[in-house]
Every structure is written in structure tokens, then in C-alpha cells.
Amino acid sequence: QPVFPSVSLLDYICLSLILSICVGIGSLVNQTRNLEEDCMRRLLAMLIAIAMVISACGSGGDGESTTTSGDVETTTTSGDGGETTTTADSGVGEADLTIATWTAEAPGWVDWWPATIEAFESANQGVTVEVQQIPFADLVSSLTTRFVAGDGPDLVHIPLPLTTLPAWAEAGFLLDLDEYLTGTDVPELWPDTQGSMEWNGTSYGALMQDYGYVLFYNQQMLDDANVEVPTTLEELEAAAAALTTGDQFGYAVTVDSTINFLSDIFQFLSGTGAPWIDGGEWNFTDPAVISAVETWRTMATEYSPQGTDINQKRQAWFNGNAAMMIEGPFILGQIEANAPAELVDVLHVAQLPFAVPSGDVSNGISVYSGIDESKLAAAEAFISHIISQATMESLASSVTNTVARRTANEVLAGTPDTDEVVAAAENVGGLLFPADAQGLRADFSDFQTIAADWFQQLLNTDISVEDAMSGLQAALEAEGLTP
């Protein structure tokens with residue numbers, strides 16, 4: 001390789017390469033908003049290339065980089081919660097921060113963000129935080145484009161970190177926060193699900209919310225059919241059968257090609273402990289997997305309304321057209337706004353009727369790797385504020401969902417339904433998609449496309465479950481995908 005004697009010449013070459021790659025990526029994004037498979041592969045190749053270019057450019061000069069924030073003064077109160085809040089004289093200086101999220105207008109969040117930012121700005125004079133709302137459907141593509149162009153927000157509200165974070169971390173878009181997190185109580189108080197904010201052994205942020213799935217049920221419909229709330233898989237199937245009559249259904253599922261579709265299916269795999277990954281290999285042909293998928297197929301085709309996307313599924317339950325569904329506990333806080341007034345008091349939640357209750361991670365907070373160094377201390381102070389006991393309690397109560405700081409979930413206790421929500425988080429036996437399945441996380445988009453196709457066949461054709469699972473496994477292996 002030639003050695004360039006002039007730093008300015010190297011900078012010029014790097015800039016030219018970066019601009020060329022950005023133009024190519026912009027062309028791909030304009031061609032399709034959905035980034036179909038071929039475009040996704042080309043985009044990934046470009047991201048790898050730009051990461052290499054940036055790395056090469058960064059090797060010029062004295063080779064030094066700074067990732068520490070300096071001293072941030074905090075106050076800590078005693079007790080199990082270990083509350084930590086940033087003080088006004090924390091020394092973070094002046095900074096205008098931006099944070100991108102899809103939740104600025106969402107129920108609960110719409111009030112939580114302004115209150116949280118107001119409290120932080122009051123405690124940190126000279127620091128402002130601007131929330132940038134991006135629709136969820138556009139979030140990943142929009143932020144990826146901005147990251148590539150070097151124009152990312154200072155802080156990133158990470159959606160579904162199990163599947164979203166790896167690509168951004170791999171491309172170098174997120175800041176390594178290992179050192180910062182070591183100085184917080186995250187290592188001591190956060191559950192194992194904090195691992196979803198890690199990639200290749202590096203922590204890229206703090207998990208804000210995780211939860212245990214729960215069974216939502218309509219007590220009036222169960223009473224009318226003389227059916228008890230199911231506590232086992234066998235009871236769930238029997239209850240769904242008894243409750244299905246005419247245009248009334250015992251259960252509701254998502255039927256599309258999104259992650260929500262797969263989540264409904266993998267509830268039955270995770271809940272029965274079916275080993276669909278075994279020894280680092282796909283294991284969809286295992287008899288236990290076949291049995292679990294058979295049960296899901298019966299529930300979806302015989303006891304559920306057909307062709308429902310995630311919103312239609314939920315509305316079917318809100319309206320009393322479906323007696324039961326499995327969902328995240330945040331739905332509890334949406335009942336009053338979405339259900340007819342006469343049904344609000346009969347809609348409740350219970351623990352999953354599975355041997356292995358499943359859970360999921362919802363969101364976390366990270367820092368953009370391109371943040372101006374002068375803003376880093378303020379950004380880390382904002383994360384400290386977010387993960388404090390008081391702010392986590394506020395989040396849990398605002399959105400009726402559990403948070404990663406377990407001691408903050410006590411604020412939800414007090415009603416039978418919210419007690420069930422808290423218990424579900426504590427009883428999680430495993431995530432739907434394991435955080436340590438690096439291959440699955442890295443290639444989840446490809447996995448989702450292939451898996452959704454084979455599971456859709458189980459709804460739309462008479463293919464046997466054995467043949468479908470054999471086909472799924474063969475397709476994954478043919479694409480070179482590994483767990």
C-alpha cells in the first residue's frame with residue numbers, strides 16, 4: 001500500500017470515497033423505501049465499505065481518540081433503588097442535544113418525554129434536549145441514511161435492540177459506552193436482558209424497557225362460556241375451542257410478514273421449551289418444535305379471525321370479537337382509549353399459560369459515535385437521568401409497562417392487572433429470540449423473510465408442519481444463515 005506524505009491529500013481521497021458511497025446509498029433508498037433483499041445486501045456492502053474508509057481516515061494524525069466524558073458529579077440516595085440523578089453543578093457545560101425516537105407522540109410517552117427533559121434541563125443549566133420524532137416504519141432506514149451522511153442525532157432511542165442494534169454497532173454508528181456504564185448501577189441492578197444492548201462484547205447503551213408477555217382475556221366472554229382462565233397450553237387450546245362460535249373467536253393472532261407475526265408463533269416455541277436452536281445449529285425438525293407449531297397452526301386457523309395484522313388483532317380483542325390474545329403488557333394502558341366503555345372493566349391480564357414464560361426487550365438508549373466531543377458529558381448525564389430510579393418509575397407508570405431497573409417497577413403494583421404485569425417480568429424464563437444468538441441477531445432481516453414465508457404456507461396451504469419445518473431449515477442453511 002502506498003504511504004501518502006500529505007494528510008490533506010488523504011483527507012481528500014477519503015472524502016471522495018465517502019461521498020461516492022453516500023450517493024450510491026441514497027440511490028438505493030430512493031429506489032425502494034422497503035429496501036428489498038437485493039438492495040439490503042448492496043446497502044450492507046456499502047456500509048462495510050464506508051466503515052473501512054472512515055477507519056482508514058481516522059488513522060491519520062496522532063492516532064488518539066477520546067471516548068471518556070470527564071467527571072460528572074451525581075447525587076446518590078441510599079436504598080435498594082440506588083437512585084442517581086445529575087446535579088446542576090455536574091460540570092457538563094453547555095450543550096444542545098438531540099435525540100431521535102418513534103415514541104414522541106405515542107400514548108404515555110407523549111407526556112413522559114417533555115416532563116423528563118424539563119427535569120433534566122432544570123438540573124443542568126445550559127443543556128437543552130430536542131426530541132426528533134420519526135415514524136416507526138421509517139426509523140431504521142431514516143437513521144441509517146443520516147448515520148452514513150455523518151448527520152446522526154446525538155442520542156438514539158433504540159427500538160427492539162435485539163434485532164436493530166447489531167447492524168448499527170457493526171457499522172460503527174454507535175459509541176462504545178463500556179467505560180461510562182461501569183460507573184453506573186446498570187451492572188449491579190439491571191437484569192440479563194441488558195445483554196441485548198451489547199454486540200461482540202461491547203456495551204452500546206442502557207436498556208430502558210423489557211417485559212414479560214401476558215395473556216389478555218375478556219372475563220365476560222369466558223364467564224358466558226363457563227371457561228376458566230387457562231393456565232396450561234392444553235387449557236389454552238381447549239378454551240379457544242370453546243369460545244369460538246359464529247363470528248366470535250377464542251383467540252387472536254397476527255397474520256402478516258412482520259416480526260409481530262413471528263412473535264406470535266415463537267410464543268409457542270419458547271413457551272414449550274422447544275429447542276429450535278440446538279448446539280449453535282437450527283433445529284426446526286425437532287419433534288418438540290413440530291408439536292408446538294402444530295398447536296399454533298390450530299389456534300391460528302381454527303380459533304382466530306383470519307388475515308389480521310397487529311392492529312386488527314388487538315382491536316378484535318378490544319372490541320370483544322376475540323376472547324384472548326398474547327401481547328406485551330403495554331396494551332393494558334391502551335384499553336380505556338380503544339375498547340367500548342361497556343367492556344373496559346371486563347378486560348384483564350394473566351400469566352402466560354406456558355411452562356416457560358417468555359419475555360422481550362423493547363427499547364434502550366445509545367449515543368451516536370459521531371457526537372461532538374464537547375457534548376459527550378451532557379449526553380452521558382442525560383442517560384444517567386433517564387436510568388435513575390425516579391425517571392424509570394415515571395416511565396413505568398406513564399406507559400404501564402415494566403422497565404429494566406427492576407426496583408422502579410414497584411410503582412406499577414396496586415391493582416390485580418398491574419400486579420400480573422410486574423410478576424410477568426419477574427417470571428420470564430427466556431426471550432423469544434436469544435440475545436446470545438449472534439448470527440440470528442446479525443441476519444435477522446433475512447431470517448424473518450425466510451421464516452415468515454414458510455409459516456405463511458402453514459396458513460394458506462395444506463403443507464404438513466413436518467415438511468414446512470424441513471423446508472424452513474433447508475432454506476436457512478442454503479442462505480448460509482446460522483444462529
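Residue numbers count from 1 along this sequence. Remember, it's a predicted structure, so these values are computed and weren't measured experimentally.
Checked against the 6.0 Å centroid criterion, the rings of Phe382 and Phe120 qualify as a close aromatic pair. Between Tyr368 and Trp168, the gap from one ring centroid to the other reaches at least 6.0 Å. For Phe433 and Phe266, the ring centers are positioned less than 6.0 Å apart.
Relative orientation of the Trp109 and Trp112 rings is perpendicular, given thresholds of 30° and 60° on the angle between their planes. Ring pair Phe268/Tyr251 is perpendicular by interplanar angle, where above 60° counts as perpendicular and below 30° as parallel.
Residues in residues 256-266 take part in these salt bridge (charged side-chain N to carboxylate O under 4.0 Å, His left out) pairs, two or more places apart or across chains: Asp264-Lys313.
Shortest non-hydrogen contact noted between Ala396 and Ala408 is CB-O, 4.4 Å.
Between the side chains of Thr391 and Ser388, at least one donor-acceptor pair of N or O atoms lies under 3.5 Å. Defined by atom type and a distance below 3.5 Å, a donor-acceptor pair is missing between the side-chain atoms of Glu130 and Thr98. Side-chain contact annotation: Tyr213 with Asp360, donor-acceptor N/O pair under 3.5 Å present. No side-chain donor-acceptor contact under 3.5 Å links Glu198 and Gln194. For the residue pair Gln133 and Trp102, no side-chain donor N or O sits within less than 3.5 Å of a side-chain acceptor on the partner.
In this structure, Phe318 and Ile335 have side chains that are in contact, with non-hydrogen atoms separated by less than 4.5 Å. Here the side chains of Val293 and Val289 are in contact, with some heavy-atom distance below 4.5 Å. Proximity of Ser366 to Met197: side-chain heavy atoms (C-beta onward) are separated by under 4.5 Å at one or more points.
Crowding of Asn460 atom CG: a count of heavy atoms from other residues, nucleotides or ligands under 6.0 Å exceeding 12.
A salt bridge links Arg405 and Asp185; the closest N-O separation between the charged side-chain nitrogens and carboxylate oxygens is under 4.0 Å. Salt bridge annotation for Asp210-Arg406: present, with a cationic side-chain nitrogen under 4.0 angstrom from a carboxylate oxygen.
By the salt bridge (Lys or Arg N to Asp or Glu O under 4.0 Å) test, Arg297 is found to be paired with no residue, residues two or more places apart in sequence or in another chain being considered.
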For residues 157-166, run the donor-acceptor check on the side chains, cut-off 3.5 Å, and write out each pair with its distance to 0.1 Å, sequence neighbours left out.
from   : atom 1 : to     : atom 2 : distance (Å)
His157 : ND1    : Thr101 : OG1    : 2.7
His157 : NE2    : Asn363 : OD1    : 3.1
Thr163 : OG1    : Leu160 : O      : 3.4
Thr164 : OG1    : Pro159 : O      : 2.8
Thr164 : OG1    : Leu160 : O      : 3.3

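In this structure, the side chain of Gln306 engages the main chain of Ala300 through a donor-acceptor pair within 3.5 Å.
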